[in-house]
Amino acid sequence: MKQLVIPDVSLGAVGPEIVLVVTAILLLLLEVFTARKEKGYLAYTALGGVLLASAMTANMNGYTEMNFSGMYVVDNFASFFKLVCLLGTGMTILVSVTYTINEGISNGEYYALLLFATSGMFFMISGSDMVTIFMGLEVMSISLYALAGYTRNREKSNEAALKYFVLGALASAFLLYGIALIYGATGSTKLAIIGDSLRTGIANYHLIIIGAALLVVGFGFKISAVPFHMWAPDVYQGAPAPVTAFMSSGPKAATFAAFLRVFNEALPSMQADWWQIFWILSVMTMTVGNIMALRQTDVKRMLAYSSIAHAGYILMGFTTGDWFGVSAILFYMLVYTFMNIGVFAVVTIVARKNEEKTTFEDYTGLGYKHPIIGVTLVVLLFSLIGIPPTAGFVGKFYIFMSALQQGYVWLVIIAVVNSVISVFYYLRLTIVMYMTEETTEALPSLSLSPSLVTALIISIYGSLWLGVMPSSYITFAQAASLIP
Amino acid sequence: MTGLKLIWIVPILPLLGAITNGLIGKLLSKRAVTFVALGSTGFSALFALFAFIELLSLDPSSRISESILFTWIESDKFIAEAGIQIDPLSGVFMLIVTGVGFLIHIYSVGYMGHEDGYSRYFAYLNLFMFSMLLLVLGNNFLIMFIGWEGVGLCSYLLIGYYYDKNSAVDAGKKAFVVNRIGDFGFILAIMWIFWTFGSIDYTSVFPVAHEVLPIGGFTVTGITLLLFIGATGKSAQIPLYTWLPDAMEGPTPVSALIHAATMVTAGVYMVARCNALFNIAPTSMIVVASIGAITALFAATMGLYQYDIKRVLAYSTVSQLGYMFLACGLGAYVAAVFHVITHAFFKACLFLGSGSVIHGLSGEQDMRQMGGLKKLMPLTHITFLISTLAIAGIPVFAGFFSKDEILLSAFFGETQGHLIYWALATTAAAVTSFYMFRLYYLTFSGVLRSTDQHVRDHVHESPPVMTAPLAILAGLAILGGLLGLPIIKDAHILKSFLAPVFSTRGAIEQPHPPMQIEFLLMAVSVGVAVIGIMVARYFYYTNPESAKKLAKKEGWIKIVYRTIQNKYYVDEIYDAIFVKPIFLASRDLLWRIFDMKVIDGLVNGIANFFYKLSQTIRKTQTGFVRNYAMIMVLGVVAVISVWFIVLGD
Amino acid sequence: MESIPLLSILIFTPVIGMLSLIFVDNKNKNLIRSLAFGISAINFLVSLLLLTNFKTTHEMQFVEKHLWIKDFGVYYSLGVDGISLFLVLLTTLTAAICFASTWKAITKHVKEFMISMLMLEAGMIGTFCALDFFLFYIFWEVMLIPMYFIIGIWGGQRRIYAAVKFFLYTMIGSVLMLVAIIWMYFHYNELTGEYSLDILSYHGLPIDPAIQIWLFLAFFLAFAIKVPMFPFHTWLPDAHVEAPTAGSVILAGILLKMGTYGFLRFSLPIFPEATIASINWISVLAIIGIVYGALVAMVQSDIKKLVAYSSVSHLGFVVLGIFALNTQAIEGGLLQMINHGLSTGALFLIVGVLYERRHTRLISEYGGIAAKMPIFAVIFMVVTLSSIGLPGLNGFVGEFLILLGVWESNKLFAILASTGVVWAAIYMLWMYQRVMFGKVTNPKNMDLQDLNLREISYFAPLLILIFVLGIFPTPVIKMMEPSVVHLIDQVGIENRKPLVTVIKEPDKKSNSNYKKLISANNKNIITSRSEKLTKVLNHVYSNSNRKKNSPQ
Amino acid sequence: MLTVNHYLALSGILFVIGTVGVLSKRNIIVVMMCIELMLNAVNLTFITFANYLNDMTGHLFVFMVMAVAGAEAVVGLAIVVALFRNRETLNIDKLNILKN
């Protein structure tokens, strides 16, 4: 009778996750016991939880440890991504404080779901075993399905949630099938062991290929890479604005982390094969994302395509497959989160009650009526295009450098042409804001709550300060890129 | 020696006059403006005289003095100083410009008295004096070029003085553009000279010209031809003369000063100055001579049937310039300069005379409206007659001596085909005397034919301020000849004075025919002139109707009459060949089609391509979940198959 | 004097001015205008300090170098030499004049306009002084944003089309340049072992000529669009016609010089073989630009478009001069850049004056203005003559030196280019005649009042400079000479010694098999890392004792 | 005698049937059932491999998948209920407000 061996479990490593989950549950309970009117402070408790978690992850920086018998790893790479996700969640909470009150949606569960999704992301990021990654992915996805359809009375939101659910489930089925095949071929689901067995060479190589391809599909769906991006525009447009902001930053970062970890740890020996796949994926994603965004009339939908395009730029970092490319992805992800959530914050402000003000025409004369919002949006847009002194430029510069270092000249040229195409639709917004003759009816005054202002300030800080003085963040990203 | 060092004052004074009149002219009274203008030109003339006398005091061999003010452009090896050089040639021209210029200034006071842009006129005139002096006194090609374009600018401004008249401004623009075409050749020549000699100063280019450049070589011919293009532009020779007749739109004193005496002779000065280059480029000499001769005759014929008094004089200037270039082409630079001098006197006098006629007839320029002014304007008549005799080449008058020298050098020249030049020149002389006397008889003899009553009873002799210069110029037209009279055993004053400038290596030896052959030639030329006068007298004095009958006759005479009348349709031909096609080509071909359609079309096309592409791809986003799922599954299949293909190679 | 960071002051005074303007409320427009003008005037005076203690050597002066991004080897390094000194001065002068000239022109959103102009000024000065590729690229693109807004917001009817076209044209060029910069960055690392983006250390870097051509083309496209050279010029007329007066003055005065400055600072010294190989086709393009620009200018009915096409023609001269690669031609080119800035800047101010009075730019609308506005007529005449290149004024000196230099390198090119001198006279004088001379046909022109004192005050500096540079160009040329001679030595192949220690000779690998080589050495990077990984794992399995310092 | 390949083939077929079901079916509930079918197909593969490699991870994974499938079904049905309340239809082709 084998003696029961209790595996050594150090709860310290999973401290941040625990904090998040506990806060989420606390929120659920609190919502039941508090009266209707002062629901506001729930958001701030959620924010408190996020800040505590980020404090804990920050102090774990620079400390690497394999935990839960090889299923959960804590290293610089993980803590960097976790901080990025926390940043995304924190800013989303700030944006959705007034949103939830205006829309009259009960905000207890809303923040709980946000925190659950973030904890799911954490598991994905630190998972060094397929099981953990899968579990993290599912926890995140399911809470996002619920969040997407949170404003029940809106048809768009329901439709978005359903589409996201059906296609998400389909994608995770493919992912699972991939994991199963790789498990079958290599005999384990631990990334390190998969990597070893691949290096030593295994019999049925075809199984591995199909498995890896299915992995690419599963993860590709989550980051909306092109053949699997169809859900993104509809879901981004349908879901409530703060949720879209959250969806476009947090989950993407987590999926990239898992993607990187799986492909750089488990399947490095096949790098010679999968860089072509990523090369094609990146080009397709960039080009389709940018071209589709050209003729959009709805700002949220345009931003959906722009986030697809940015996923394309990030995929460029994959093709290199060396630490320089990974650090480029890390830095770009950080900058991207700042920019994207900032833009969605502005969209939320302009959309007002029941989100009907999201077409381009609704932004006419915004630059003059609300100079602060106008300038912020301009800076964020130019950062999305990648014009210097903004952080977007440094991010793109870094990614192009990593690609060019490996000699992918044509990939960079295509990316560069894509960013010129992207100028078209980003500038259309500035044209509407500043250059068209103002319509007679005055734009109603927009409510600027302190939390929204803080979110905007953070995004401006991220877009400009990182653009001017990025060196400390770059060193942090480079330190984090060495997956042990 | 100090006089020569201060030579700078001669050009600077008119410049100061121009600046004062230009900037504050409006505020000053008319008297003050006159004082400034005349003062500056007067003193400049005075200083020019002192300098010239001081130059004479030097012994002939070292009659040259340079004074450099500052370095204008210095870039690595290329150095262009702002320097003035006075030597016999520039001395002579300086005197003409300042002398005749001063007289014309005095005349203009009377002529332009009642104009409102009075200060503007004198500002431009002084500026012209400055540029012309700079041109003549410059010590390197670039300074000459500044003067060159400066005079072009002033002629543009002065021709277009009556800027509310569109025809005047058009004429000004035409003059500037045609000059610019000439300058295009000149500037290329300067560059070529710099890169062959390493410098553009006269003193370092001319002495070594014959060593550096092989005689008749490609470079020297190229340089000289380009220089000559510049000269034709400025001195209105065959290809680029069309601007001079139109330049008559400007006020008459302007025509007198610029388009008779000084500016147009700039080309002759340039060719004379570069004689060292021209002498070693025989082909260019032939080109210069032949263009000179052809222009002489061609322009003379065009002068035949003009009815505007100033146009006749304009064509006669073009033809006289032809003579000067013919002389240069034959190597007789002295004869050319001599003719420049005499021409300056009598042509200025003719123009001012016609000016006083026009002034008298309050603006009437058409000869058919004139006549019988002999009695009404005696002084103008006398001076006009003297100058007409001078230009016709009647002995005693200056014209005869200078023109005769040119004919002489043509007759005895060594360049082959020189006899043809002589024949052309002589016939041109005949035609010249004919149209000059036609002009004389139509304006002064007979009875006043003017139909306008106002003109008829306002005919008056011009005030002394206008007739005094006329008298002086008429006097010079007579005495001018002395310069060339071979009194002391063929020691032709001017020749000996200018000898050092023109005695460069390769200069064509001037013929010294025996006395009697010289007299024979003189007789021929005088005879030809007299014939011209007689014919003119017959048609326009004895029986005026015959001229009209002749004009009516059908047949080939009509055709000839018509073509000459319309100046051989040269203007229309130029328009058709150059102006219209370039304008239309650039408007429709270059701008509308190429710029708009091709380049912009391409740019907008690419933008539309992306727009259409995005339109088509957007259709795939149908909104149906099942389509999305289908594309996803296809994506999966694609990824797997790509992976296998990749693995395959 | 060396201690004071003059160049940073020059760049950041407008930025500070910009920020201070934000707090001025929108209402009192005159305070905003005078503040903006004050700032740019101070900036101009400060830039004069540059002139006074500029030592005529070819080395960079007023150099400032601080570490900026450690990981990319990017430094915040500024410096000025003979080539860029006068362009900086031209920038500060034109900017100051622009602020003075837009007193009446811009009425709506004055604050935003002044902010954009100040940002533009900072960007331009930065581009001229940057000595680090990264910094240069940042300033190069920073200029785009304000110019886009200036054309887009305060422009004419088709301003949006013109603004977007301007933005895209410049963006495509500069983006390809970015790819070239990054490529060279790694090539530099291969040769010398360490990372640097400092422009000067790239001078004379041995690059395999086959690749050098591609890099040269990338840089050439960026600068050719900016110049604008012949095929890429169609954005200029649109941008000029639609931009407000101050915008087109700055656009014509300075932005066009970025392209030619780029050739001098980057294309010539860094890619000498490629430059020499491509002299001919570039000169042909330049000549086409000269003749084409002039001919099309002749037939324009809108004054601004005419002046825009004349800029294409003038800058064709400059490019021709630069690629003639001898001292006279390049010095002529540099001088012509300054002269063009002055004369075309003045021309646009003149069009602005006319537009302010009659709100139309069509030549047919005018006629006989000389009678009504005599002072204006004189100023307009002087500026026209300077832009035609009348000797004695500044235009001639530059053009003559260019043609002189081009004559030495290729006679035919010189002859063809010289026709440009004739075309210039034709279209400018014809335009001048139709606008100023003739009778006053249009009733609206009857009561045009002449320039007031303010307007004359901002024309004065330009006119004085037009005369001074025309008569005394030598001091300016003397200051440029050492830098130009040094530049020509760099292009001359024989005595070019790389400034930087080259570890190994650049192996002649062509670009295509570059990737196979890369993916091969990529494997060994990964394999080395995974050994480390397995060690960690064995450690975990072999002894399951707990880690020492788990994060309690 | 049933070898590993047979089981793998079966699970592959099941997986394909599930995918085709998702693509073709109009009723949302049926689509969800097909997704469950696909997940169970994957479970089958896991068990075959776990048995073949006689290693416990496979079996562990199956439990995880079942738990996830359950959670997913719950949230999916909640969404469907909300959707039905608004649109009174379960036909997936009716849901195309958000397009191009």
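By convention in this document, chain letters (A, B, ...) are assigned in the order of the sequence lines, proteins followed by strands, and residues within each chain are numbered from 1.
- When atom types are taken as modelled, the side chain of C:Glu481 and the backbone of B:Asp76 share a donor-acceptor pair closer than 3.5 angstrom.
- The interface of residues 599-607 of chain B with chain C, defined by heavy-atom distances below 4.5 Å, comprises B:Ile599, B:Asp600, B:Val603, B:Asn604.
- Residue B:Trp72 touches chain C through both its backbone and its side chain, counting heavy-atom pairs closer than 4.5 Å.
- Residues from residues 115-146 of chain B that place a non-hydrogen atom less than 4.5 Å from a non-hydrogen atom of chain C comprise B:Leu142, B:Phe145, B:Ile146, given in numerical order.
- A donor atom on one side chain and an acceptor atom on the other are found under 3.5 Å apart for B:Ser75 and C:Glu331.
- For C:Phe400 and B:Phe194, the ring centers sit 6.0 Å or farther from each other.
- Taking the ring centroids of B:Phe176 and C:Trp430, they lie at or beyond the 6.0 Å cut-off.
- Interface with chain B: from residues 419-429 of chain C, residues C:Thr419, C:Val421, C:Val422, C:Trp423, C:Ala425, C:Ile426, C:Leu429 qualify, criterion being any non-hydrogen pair under 4.5 Å.
- Aromatic rings of B:Phe594 and C:Phe230 (six-membered ring for Trp) have centroids within the 6.0 Å cut-off, being under it.
- For B:Trp148, no part sits under 4.5 Å from any heavy atom of chain C, backbone or side chain.
- At distances below 3.5 Å, not a single donor-acceptor pair connects side-chain atoms of B:Trp192 with backbone N or O atoms of C:Lys411.
- Residues of residues 181-190 of chain B lying under 4.5 angstrom from chain C, judged on non-hydrogen atoms, are B:Ile181, B:Phe184, B:Ile187, B:Leu188, B:Ile190 in numerical order.
- Using a 4.5 Å cut-off between heavy atoms, B:Phe583 contacts chain C through both its backbone and its side chain.
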